[in-house]
Each structure stands twice: as structure tokens, then as C-alpha cells.
Amino acid sequence: MNTLSLSPSQRAWRRFKRNRLGYWSLLLFCTLFALSLAAELISNDKPLLARYEGQLSVPVIKNQPETSFGGDFQTPTDFLDPFIQQQFSRPGNFAIYPLNPYHHSTINYFAKEPNPSAPSAENWLGTDDRGRDVAARLLYGFRISVLFALALTAIGVLLGIVTGAIQGFFGGKTDLWFQRFIEIWGSMPELYLLIIFSAMFDPSVALLLVLLSLFGWMGLSDYVRAEFLRNRQLDYVRAARALGLSNWQIIWRHILPNSLTPVVTFLPFRMSAAILALTSLDFLGLGVPPGTPSLGELLAQGKNNIDAWWISLSTFAVLVITLLLLTFMGDALRDALDPRKADR
């Protein structure tokens, strides 16, 4: 196909695909993220489908009391209990468990080894100091990290585009006052504010997202501002003004689409920074609430349990692989959007 017949976005996508490392990193990252979104179907202590005394049930969606499966109590069923498993082994009964029969909060009270236990056939990556499966906590922790990074990146990009566009397009005193505000706001001690708010409020993902979003937009705002300052003087903007278009129409229809290159290029790197920020804060105890699966919390456990090498090693491997995939994607995206790299 003749490259001249392709749109700029199609040519950029072809250049991105030619970078094999970045392209396969994108596919692998999307696959891992899709698997983490289905974590309840992959790693869970409740069967996907169960049949007992002729009755079919889906415990992964609705957990029935223990009396429904021959138990004595009205409490939620513990499907790791040897008695419950024996009930399903009887003729006519069955239970289909997920690939990894542990939830991130599951504590195996029937384990044979003391906690933290080394990797085994029951726990592929071992258990932590409370007896929870490390593989399950890594899977759920990876999902939380990526979702948090996506949300923080989206908010930061939105705020960065709005503030950078206003500064770059209007310039003058508007740009001057915004720059002074950014200098003052950027000089505030972010870590101290996190410590103060963590002491005042209960830790939560929403609180952490709000606090980090207050400071995460400034870096991108500078790049958008520079693009708008450059593009507002070009001929197509002057022609739009001569046609009588309003300022916001010029911004939205003409300048913004031609100023998104730095925004798109920095997306993977901003996600990497968000994942590192969440992991660091969780490691320090300033992140998500206790009990929430987190890469930083697992690293802290590895620090406190030096002999349990499997906790630190597996968590470090997941973190490194995630950041490498995002970095390779960012490099490929930067090359694909570079106007100096044209198709031959």
C-alpha cells in the first residue's frame, strides 16, 4: 500500500508496529491487564461452579452458607475446609475451582507449613507472613496498580491539557499569572502533605488519587503550553481567526489536535511514574488501606522477612517487568510520533 494514501495516524501506527519490541510489549501488557481484570475467575477460593445433592450453584458470584453443603453453621462456606472438599468428592457432587484456588484475602488455616511458607504445589509463589497466597496478591495488586495508574494519568492529562492550552493560547498576563501559580504550587512539600492527610483521614485509594492528582498535572502542562505557543502563530490559526471562529473553536478544532504529540508520547511514562508512586507510598504505609493487595505492601513484607526471599523476588520481578513493558511502549510511541522519522 502506498504510504501517501494513509492518514498521519495510520502512518504512525505502521511505524509503531515496525518497532517489534514496543509492539510486543503492548500486546503482552494488554494481555496481562486483561487477565488481571478477570482475577476473580483465575484466582479465587470459591468454586466457579458447584453441584451438591442435585443443586447447581455459582459460589464465585454468591457464596451460600455452610449448611447448604452439609455443614453445621450458617456462616459463609470455607471451600478450603477438608470437610467441605470431602462433601464435593462424593458421587454426584463436584466443584470446579479456579486455576489458583486462593483469593488475595484467603488465609489457609489448614496449611501444613508455618507462615511465611516457601513456594510449593499448593502455593506457587509461597505465602506471606499471614498465610495469604503471594501469587493471588500479586495478581490483584497488579490490577489495582494499573487501574490506579490509568486513573491518575487520565486526570493528570486532562488538567495538564486544560491549563497548558489556556496559558499557551492566551499568553500575556494569563500565562504570567499561571506560571507564578505553578511555581508556588510546585514548591509545596507533596510528601509532607501526604503524611498529614494520612494522619487526618482514613487511607483510601480515592484520597491518594486526589492528592497525587493535585500535583501530577504540572509537568505535562509545560509541554502543552509550549505547543500552543508555537502553533498559535501559524497560518492555519490566522486563517481560522479570519473566518470568524471563536477562541474555543480554534483551540478545540485546530490547535489541540496538532499539539497532542507530547501528550500521547508521555502516556506510558506517566503510567510508570504513577505505579512507582503508589508502590513507594504503600511501602511506606501511606498508600492503600491495610489488607488491600499491593506491590508496595509485599515489598515491605519482604523487607521485614528477609528469609522469605520468594516475597521480595516475585514482587520485584512483577514490578520490573511492568515498568519495562511501559518503557518499551513509550520508546516505540515516541519514535512513531516523531515527525523526522518518515516512511520511505
Side-chain angles (χ1 to χ4, degrees), residues 32 34-144 282 288-295 297-302 304-305 307-315 317-318:
L32 294 176
L35 291 175
S36 69
L37 292 177
E40 284 78 9
L41 303 179
I42 299 174
S43 183
N44 207 324
D45 57 358
K46 301 176 182 62
L48 303 176
L49 182 66
R51 176 186 173 91
Y52 183 78
E53 301 294 339
Q55 298 292 327
L56 286 175
S57 62
V58 187
V60 70
I61 297 177
K62 182 180 180 181
N63 189 7
Q64 297 175 324
E66 189 178 288
T67 53
S68 302
F69 305 105
D72 300 324
F73 305 101
Q74 289 290 337
T75 57
T77 306
D78 182 3
F79 291 94
L80 297 180
D81 190 336
F83 172 77
I84 298 297
Q85 293 184 349
Q86 184 181 3
Q87 292 291 93
F88 284 112
S89 65
R90 293 165 54 185
N93 302 337
F94 66 86
I96 302 176
Y97 286 86
L99 185 62
N100 184 35
Y102 297 99
H103 191 255
H104 69 80
S105 60
T106 302
I107 299 178
N108 188 1
Y109 295 102
F110 308 97
K112 301 177 182 178
E113 300 293 334
N115 299 319
S117 62
S120 62
E122 294 183 357
N123 302 100
W124 303 335
L125 297 178
T127 61
D128 62 5
D129 55 4
R130 300 182 186 178
R132 298 170 298 191
D133 186 69
V134 173
R137 292 189 68 80
L138 285 175
L139 179 61
Y140 285 88
F142 174 79
R143 179 174 68 180
I144 290 178
D282 288 338
V288 296
T292 305
S294 166
L295 301 180
E297 187 264 345
L298 284 172
L299 289 177
Q301 284 199 40
N304 297 329
N305 300 275
D307 294 336
W309 52 267
W310 53 89
I311 301 178
S312 299
L313 183 61
S314 57
T315 308
V318 170

Check this for me: D307, atom CG, are more than 12 non-hydrogen atoms of other residues, nucleotides or ligands nearer than 6.0 Å? no
Nearest 0.5 Å, please: how far is CH2 in W310 from CG in L125? 11.5 Å
Going by salt bridge (Lys or Arg N to Asp or Glu O under 4.0 Å), name the pairs with one or both residues in residues 87-98, residues two or more places apart or in two chains. E53-R90
Which class fits the ring pair F69 and Y52: parallel under 30°, tilted 30 to 60°, perpendicular over 60°? perpendicular
Y140 side-chain N/O to S105 backbone N/O, donor-acceptor pair under 3.5 Å: no
Hey, mind stepping through D282 and L295 against side-chain contact (heavy atoms from CB on, under 4.5 Å) and telling me if it holds? CA-CA 8 Å; D282 288 338; L295 301 180; over 6 Å; no
Reported OG1-to-CD distance for the pair T315 and Q301, which is rounded to 0.5 angstrom: 8.5 Å
With sequence neighbours excluded, what pairs up with E40 under the salt bridge (Lys or Arg N to Asp or Glu O under 4.0 Å) test? R143
Quick one: pull up CG in L35 and CG in L41 and give me the separation to the nearest 0.5 Å. 10.5 Å
If you look at every heavy atom in V288 and S294, which pair is closest and at what distance? CG2-CB, 4.0 Å
Would you please test N304 and D129 for side-chain contact (heavy atoms from CB on, under 4.5 Å) and show each step? CA-CA 9 Å; N304 297 329; D129 55 4; 5.8 Å; no
Set of side-chain hydrogen bond (donor to acceptor under 3.5 Å, both in side chains) partners for S314, sequence neighbours left out: none
Checking the side chain of R51 only, and the main-chain atoms of A95 only, is there a donor and an acceptor separated by less than 3.5 Å? no
Test ring-ring contact (aromatic ring centres under 6.0 Å, His included) applied to F142 - qualifying residues, sequence neighbours left out: none
R130: which residues meet the salt bridge (Lys or Arg N to Asp or Glu O under 4.0 Å) condition with it, sequence neighbours left out? none
What one should report as the nearest heavy-atom pair of S43 and L139 is CB-CD2, 3.9 Å
Tell me, do L138 and L298 make a side-chain contact under 4.5 Å, heavy atoms counted? yes
The ring-ring contact (aromatic ring centres under 6.0 Å, His included) partners of Y97 (sequence neighbours excluded) come to none
If the condition is salt bridge (Lys or Arg N to Asp or Glu O under 4.0 Å), which residues does E297 pass it with, not counting sequence neighbours? R132, R137
Kindly write out the residues that satisfy side chain to side chain contact (heavy atoms under 4.5 Å, CB included) with I96, not counting sequence neighbours, or none if the list is empty. L49, F94
Does N305 use its side chain to pair, donor to acceptor, with the backbone of A308 at less than 3.5 Å? no
Taking only residues at least two apart or on different chains, which pairs with a member in residues 73-89 satisfy salt bridge (Lys or Arg N to Asp or Glu O under 4.0 Å)? none
Could you list the donor-acceptor pairs under 3.5 angstrom formed by side chains in residues 58-66, with sequence neighbours left out?
from: N63; atom 1: ND2; to: T77; atom 2: O; distance (Å): 3.4
from: E66; atom 1: OE2; to: D72; atom 2: N; distance (Å): 3.4

Restricting to side chain to side chain contact (heavy atoms under 4.5 Å, CB included), what partner residues turn up for N123, sequence neighbours left out? Y102, S120, T127, D133
According to salt bridge (Lys or Arg N to Asp or Glu O under 4.0 Å), does anything in residues 104-127 pair up with another residue at least two apart or in another chain? List the pairs. none
